[in-house]
Amino acid sequence: MFAVWLVASEALLRTQVLPYDNLNRQVRLFHATQDARALFVGDSHTSQDIDAPPGTLNLALAGDRFADAATKVRAWLATHPAPELVVVQVSAQMFASHRVHEPRPDWERYLAPGGDVASRPLVFEPLYRARLARFWWLLVMRGGVLRTEFTPQGSVLTDAVMPAVSDRYRLEVQNRIDQHVVPDDILARPVDEEMHGLISELKARGIRVCLVTLPVTPVYRELAAPWPSFAAAHAFFAELSAEQGVPWFDYTDAIRDPAAFRNMDHLNRRGAAELTARVVEDCGVPGTDNP
């Protein structure tokens, strides 16, 4: 029965999950794209909040840590022409404790020349195995896995609008914030060295760097305010910007209309269009529509 379950699970992952999985889509886009004048890296905030314009590439993915973003940039530089600009998301949740313990994609293998997510049995890939029960639940209870729009430039967009703020929703927001709290020493070494290291590498190659922190809803900001770690993280980002001589744009409260968000801390398509226009202008993003 275990063998049957393994075979059925592998079939589920390859037929119902892999074709629509954003990790697999991103790896394929990485290898298929020959050139990009700008790269965007970060986690789900950059993935969903930035509608990368033509001529650029969004390499952000939900759950990415700063280390993952750095690995992607270095993999790109090893196999592609250098971009003019790299827009790097710096946000507290990228350094939260829970991300340290989550299964990580094997970016070094996936993004190496000839890399492929499906080159090995997916049931043995930690990232897919950890989500296997949820995939089965979605298939049985919902009739299929969740599918999102993946743009030609790698952004993930949705038209969903966040629900009205209620006591129950505020509790959900508080639970999310509890996950995003940064330990007191997390931005000390080696994270500090890692962030300075990547920026220094890019600058040494003549690549411009723009740091961004992306929007959250007013209710998120309200409930996060008592936690000193968020203010400490922002102070660290400001210091990093000053020491490296690169701009940092804090968009935390740049968008206040709840109708522009898909949930408590991610924008929908409408919000992404509004924010992207600001990022393009502020960071000087090059692209076919913005030479």
### Query
Does any donor atom in the side chain of His234 or Asp250 lie under 3.5 Å from an acceptor atom in the other side chain?
yes
### Side-chain donor-acceptor pair present, His196, Glu243, cut-off under 3.5 Å
yes
### Message
Please check: side-chain N/O of Arg14 versus main-chain N/O of Ala118, any donor-acceptor pairing under 3.5 Å?
### Response
yes
### Message
Testing the basics here: between Ser91 and Thr213, what is the closest heavy-atom pair and its distance to 0.1 Å?
### Response
OG-CG2, 3.9 Å
### Task
Identify whether the distance between the nearest side-chain nitrogen and carboxylate oxygen of Arg131 and Asp21 falls below 4.0 Å.
yes
### Query
Can you check whether Asp265 reaches His180 side chain to side chain, under 4.5 Å on heavy atoms?
yes
### Task
Would you please say whether a donor-acceptor pair under 3.5 Å links the side chains of Gln174 and Asp178?
yes
### Query
Between Thr158 and Glu149, do the side chains contain an N or O donor and an N or O acceptor separated by less than 3.5 Å?
no
### Summary
Nearest heavy-atom approach of Arg221 to Val216 is NH1-O, 3.1 Å
### Task
Could you tell me whether the side chain of Phe30 reaches within less than 4.5 Å of the side chain of Lys72, counting heavy atoms only?
no
### Task
Side-chain contact test, heavy atoms from C-beta onward, threshold under 4.5 Å: evaluate it for Phe261 versus Pro215 and give yes or no.
yes
### Query
Does one hydrophobic cluster hold both Leu267 and Val161, with members joined at side-chain heavy-atom distances below 4.5 Å?
no
### Message
What I want to find out is whether Arg270 reaches Asp257 closely enough, with some N-O distance under 4.0 Å, to be called a salt bridge.
### Response
yes
### NZ/NE/NH1/NH2 to OD/OE distance under 4.0 Å, Asp68 and Arg65
yes
